[in-house]
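Small disclaimer: the values here were computed from a predicted structure and weren't measured. Each chain gets a letter, A, B and so on, in the order its sequence line appears, and its residues count up from 1.
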Number of protein chains: 2
Amino acid sequence: MPDPQTRLKALTDRLREQGYRLTPQRVAVLRILAASKGHPSVEQIYDQIKVQFPTTSLATVYKLVALLREMGEVLQLGFPNASNRYDGNNPSPHPHLICTMCGEIRDLDLPALSGMIQQASQDLDYRGVSHRLDFYGICSRCQVGIPQTSPHG
Amino acid sequence: MPDPQTRLKALTDRLREQGYRLTPQRVAVLRILAASKGHPSVEQIYDQIKVQFPTTSLATVYKLVALLREMGEVLQLGFPNASNRYDGNNPSPHPHLICTMCGEIRDLDLPALSGMIQQASQDLDYRGVSHRLDFYGICSRCQVGIPQTSPHG
DNA sequence: CTTCATGCAAAACATTTGCAGCTGG
DNA sequence: CCAGCTGCAAATGTTTTGCATGAAG
């Protein structure tokens with residue numbers, strides 16, 4: 001995981017290079033994406049931004065994360081009955097560990113497994129192969145009954 | 001993949017055992033789930049059923065697949081910007097290969113990979129660990145430009 | 001200045017729910 | 001019979017879109 005300042009600079013530079021404008025709202029979103037170790041939803045980003053820029057709208061945040069995803073700068077994790085979550089630090093597919101009680105999403109480092117998945121991707125006769133691997137379960141905090149902050153169906 | 005007749009009997013027996021009623025609509029849904037090699041959506045099941053039972057409603061199909069999922073008899077594959085897809089033949093998690101052009105979903109048999117995923121699941125300090133592994137790409141038919149039947153964002 | 005971004009509200013879409021009436025066992 | 005199922009319509013929740021206003025470069 002890169003240093004938040006470095007990552008923020010990379011993101012702003014990338015937008016400028018491509019001719020996109022750097023509004024205060026956009027910088028605020030980028031700052032949150034670069035700094036967050038977790039995988040925030042648009043709603044969570046929006047809630048953080050409202051502190052500094054109370055008039056910011058949800059649609060603006062949605063539009064920026066969609067743009068960043070098209071540019072390959074964020075990884076979007078979509079879920080059927082919950083909000084999308086975004087990884088602004090590592091846009092390439094990697095395994096995640098998801099708590100079905102509190103909704104926390106952690107990165108998992110499983111080099112052997114990742115290598116095997118890369119191999120399988122190459123062996124397929126499909127073009128432009130990507131993948132997604134999620135583990136689901138109840139995290140240790142939720143097992144002992146510590147109150148949850150963000151429940152997740 | 002079991003014989004469709006055998007699977008249909010297993011499903012009807014299971015519902016009866018648990019005290020659920022076997023209406024004509026339900027049998028029609030079960031028949032489609034047991035016979036389909038693919039992974040139909042509720043909408044696709046509904047379209048097939050309307051031929052025999054034109055008054056059947058979408059809600060009824062939704063309610064039955066939800067029940068079957070709770071009973072552990074079907075595997076639900078949810079997608080953020082598309083309909084859920086259902087596997088009525090193999091309810092345990094297994095890798096899938098999804099064409100991003102035509103939306104076809106195929107089962108993948110990767111024993112070594114599955115074994116490694118089982119091991120990883122056990123090593124986690126999470127409880128009740130499950131997983132999901134999807135590969136995405138463009139299938140060989142779509143690569144040569146054969147017209148698609150069910151596009152899928 | 002000119003183009004692009006913002007923000008509001010409405011639309012889009014899959015899925016769920018409430019409820020009156022029907023029907024399987 | 002009557003608990004549980006059906007089907008309609010309305011509600012839900014997230015994401016997208018249209019458009020007039022505003023600001024970046």
Practice item. Have a look at B:L22 and say if it touches a base, only the backbone sugar-phosphate, or nothing, with a 4.0 Å heavy-atom cut-off. Key: sugar-phosphate
Exercise for review: Name the residue closer to the 5' end of DNA chain D, choosing between A:Y62 and B:R21 according to the nucleotide with the nearest heavy atom.
Suggested key: B:R21
Review point. Phosphate oxygens OP1/OP2 of C:dG7: is one of them under 4.0 Å from a side-chain N or O of A:T60?
Key: yes
Check your understanding: Which of the following nucleotides, C:dT16, C:dG7, D:dT15, is nearest to the side chain of A:N81?
Key -> C:dT16
Review point. For B:I45 and C:dT15, what is the distance between atoms CD1 and P respectively, to the nearest whole Å?
Key: 11 Å
Exercise for review: Give the rounded distance in Å between these two atoms: CD of A:Q52 and P of C:dT6.
Suggested key: 15 Å
Practice item. Treating Ile, Leu, Val, Met, Phe, Trp and Tyr as nodes and any side-chain heavy-atom pair under 4.5 angstrom as an edge, say whether A:L75 and A:L30 lie in one connected cluster. Key: no
**Study point:** Spacing of B:K63 atom NZ relative to C:dT16 atom P, expressed in whole Å
**Key:** 11 Å
Check your understanding: What integer distance in Å separates B:Q25:CD from D:dG7:C1'?
Key -> 9 Å
Point to revise | Single-linkage hydrophobic cluster B:I32~B:L15, side-chain heavy atoms < 4.5 angstrom | key: yes
Review point. Taking the six-membered ring of B:F79 as reference, does the NZ or CZ atom of B:R132 fall below 6.0 Å from its centre and within a 45° cone about the axis?
Key: yes
Check your understanding: Is any NZ, NE, NH1 or NH2 atom of the basic residue among B:E104 and B:R85 found under 4.0 Å from an Asp or Glu carboxylate oxygen of the other?
Key -> no
Practice item. Looking at every strand, decide which applies to A:E43 at a 4.0 Å heavy-atom threshold: base, sugar-phosphate, or nothing. Key: nothing
Check your understanding: When all nucleic acid strands are considered with a 4.0 Å heavy-atom cut-off, which category describes A:L58: base, sugar-phosphate, or nothing?
Key -> nothing
Check your understanding: Over how many whole Å does the gap from B:N84 atom CG to C:dT16 atom P extend?
Key -> 7 Å
Revision key, fill the gap. Taking D:dC5, C:dT15, C:dA5 as options, the one with an atom nearest any side-chain atom of A:R26 is C:dA5
